[in-house]
Amino acid sequence: MSTAADYSEKIPNNVDLGEDRRLQRALESWQPNFLHSWEAMGPALPTHDVYLRTAVNVGREGWARFSHVPMKDYRWGIFLSERDKSRRIAFGTHRGEPAWQMVPGEYRASLLRLIVIQGDTEPASVEQQRNLGKSAPSLYDLRNLFQVNVEEARHLWAMVYLLHAHFGRDGREEAEALLHRNSGSADAPRILGAFNEETSDWLSFFMFTYFTDRDGKYQLGTLRESAFDPLSRTCDFMLKEEAHHMFVGTTGLTRVVERTAQLMLEHDTDAIGPHGGISLDVLQKYLNFHFSVTLDLFGGETSTNVANYYTAGLKGRWAEEDRDDDHFLMSDSITVDAVGEDGSIGHTEVPALVGLNSDLRREYISDCQHGVDRWNRILAGSGIAQQLRLPHAAFNRRVGAFSGIDATPDGERLQPGEWDRLKEKWLPTEVDKSHVRSLMAPVLDRGKVASWIAPPRKGINGHPIDYDYVHLA
Ligand code: BYC
């Protein structure tokens with residue numbers, strides 16, 4: 001296998017698809033359904049072409065090329081990172097054995113489930129972001145949105161390849177179902193909660209790419225450790241593309257904070273809404289919402305599912321091989337969040353294996369904190385005393401230990417009835433949302449940027465900020 005993608009094929013790939021006619025035919029018959037779904041559920045804003053990055057090689061250097069392409073002609077392909085023939089399983093009961101090239105029968109159902117859940121999130125995010133193009137703050141941002149969208153769709157291809165190549169008829173049916181479910185649909189919603197929330201404005205988009213794409217990074221990081229080598233190699237390459245999505249979130253929110261700080265100083269007030277900005281308290285409410293909804297994506301604080309995945313070698317820990325322990329975890333323990341018998345918010349010690357969702361969530365939260373620190377440095381540097389912060393893990397939860405209770409962003413338990421009275425202080429209200437939406441007039445002239453957000457520091461791939469990143473139709 002070469003690392004370079006073969007673009008002469010109908011489906012670009014580096015998996016020698018042409019050598020397996022049956023698989024190739026199966027994927028070629030899924031392709032028109034995918035394209036139909038992209039037309040129906042992908043970006044709604046009509047464009048001629050967009051300056052996009054396309055993966056061309058999975059090697060260390062020069063893995064992507066940039067060019068203006070009509071989005072419907074984007075070459076969605078199948079790319080796995082290069083195979084390491086000596087790779088061995090790093091954890092669980094199969095530790096030390098060669099990584100699997102085929103799915104072992106006993107783990108088929110579990111692997112299928114993990115791949116379907118991962119695959120389901122990818123088109124979901126494209127659906128959630130479908131209408132954002134119409135209110136883009138600049139051509140630069142519009143291009144980044146579309147880049148994220150085409151790559152999430154490619155990540156769907158990545159999972160569909162695994163389904164078709166390794167799970168027979170079940171896999172083909174699941175691949176169809178991935179196109180059938182829809183974000184927010186009453187009859188066939190997406191599997192995980194956060195992927196049924198609409199991304200109705202660009203502040204939400206930047207929050208989503210900061211917080212929810214980062215869950216993607218961590219979940220993909222655990223699947224990259226998988227004993228099932230094709231899944232591991234697929235996720236490894238997806239993570240390369242994923243980095244840009246988080247860059248979009250981090251820099252997007254940094255630019256919002258910068259602009260907010262400027263307006264606060266200029267008008268000498270916290271209430272910058274009437275001056276065309278997003279106030280810090282509204283930013284905090286959006287942050288509270290997106291962070292808490294994304295914590296739900298980690299599953300319960302304790303989970304026998306995750307213990308079984310780990311023991312079987314299907315899903316590892318973040319940076320598994322850097323961990324200094326036995327990689328079996330049979331006799332280890334971990335402290336996890338819990339509601340005590342007296343109803344108080346606290347912690348409990350559980351066997352490490354069942355606490356692995358908490359382990360991953362902890363890595364994720366500390367990563368999230370970096371951005372918050374960066375935004376707080378901007379505020380402090382402008383002489384602004386207020387700070388942004390991540391809410392407590394008990395705040396606004398639907399999954400896990402805290403799903404049955406109400407808590408403040410500080411992690412204090414609320415009495416029954418208090419939540420309804422107080423939630424408007426902590427989560428975006430209709431008034432907040434409509435104010436944010438009212439700022440979202442599209443700015444689509446070259447080099448111009450909406451006034452609620454600071455301009456980007458630099459353009460894409462060495463181009464200036466006023467480059468013609470998107471040609472509108
Ligand atoms: N919503 O044992 P538990 C991304 C279910 S994002 C609805 O605690 P487990 C991306 C759970 O399925 C990354 N249901 O859960 C980002 C289970 O059901 P069953 C996506 C939920 O299995 C941005 C039951 O509750 N990838 O890539 O330990 C843009 C008990 O739960 C939820 C993955 O998530 C929920 N939030 O952990 C684009 C990786 N949470 O078995 C893309 C694959 C739990 O009783 N998935 N449930 O029927 C997994 O690793 C795990 O399935 C989960 C859940 C982490 C999701």
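In each ligand, atom 1 is the first atom listed, and ligand 1 is the first ligand listed.
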Nearest heavy-atom neighbours spanning Ala175 and Trp30: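 Scanning both residues completely, I find the closest heavy atoms to be O-NE1, 3.1 Å.
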Around [atom], find the nearest protein heavy atom and jot down its residue, atom name and distance.
atom	answer
atom 3 (P) of ligand 1	Ser303 OG, 3.7 Å
atom 24 (C) of ligand 1	Asn305 ND2, 4.8 Å
atom 1 (N) of ligand 1	Gly193 N, 3.4 Å
atom 17 (C) of ligand 1	Arg113 NH2, 3.5 Å
atom 35 (C) of ligand 1	Leu192 CD2, 3.6 Å
atom 16 (C) of ligand 1	Thr212 O, 3.4 Å
atom 23 (C) of ligand 1	Asp213 OD1, 3.5 Å
atom 36 (N) of ligand 1	Asp296 O, 3.0 Å

Below 4.0 Å, non-hydrogen atoms only: which portion of [X] touches ligand 1? Side chain, backbone, both or neither.
X	value
His245	neither
Arg398	neither
Ile191	backbone
Ile117	side chain
Phe195	side chain

Looking at [X] and [Y], does any basic side-chain N land under 4.0 Å from a carboxylate oxygen?
X	Y	value
Arg457	Glu258	yes
Arg389	Asp410	yes
Arg233	Glu82	no

Taking the ring of [Y] and the ring of [X], is the distance between their centroids below 6.0 Å?
X	Y	value
Phe228	Trp100	no
Tyr161	Trp157	no
Trp202	Trp452	no
Phe328	Phe91	no

Side chain [X], main chain [Y], donor-acceptor under 3.5 Å:
X	Y	value
Ser333	Ala352	no
Thr121	Gln118	yes
Lys285	Glu424	yes
Asp201	Val436	no

Could you list the atoms of ligand 1 found under 4.0 angstrom from a heavy atom of [X]?
X	value
Asp215	6 (S), 13 (C)
Gly300	3 (P), 8 (O)
Leu114	43 (C), 46 (N), 49 (C), 50 (O)
Lys315	49 (C), 50 (O), 55 (C)

Heavy atom to [atom], shortest distance: which of [options] holds it?
atom	options	value
atom 27 (O) of ligand 1	Gln118, Gln219, Met159, Met238	Gln118
atom 55 (C) of ligand 1	Leu297, Val399, Thr302, Asn357	Leu297
atom 40 (N) of ligand 1	Gly216, Gly299, Ala124, Ser125	Gly299

Less than 4.0 Å from [atom], is there any heavy atom belonging to the protein?
atom	answer
atom 33 (C) of ligand 1	yes
atom 52 (O) of ligand 1	yes
atom 47 (N) of ligand 1	no

Crowding at CG, Asp342 (>12 non-hydrogen neighbours, <6.0 Å):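 Enclosed.
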Plane angle bin for His244 and Phe247 - parallel if under 30°, tilted between 30 and 60°, otherwise perpendicular: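 Parallel.
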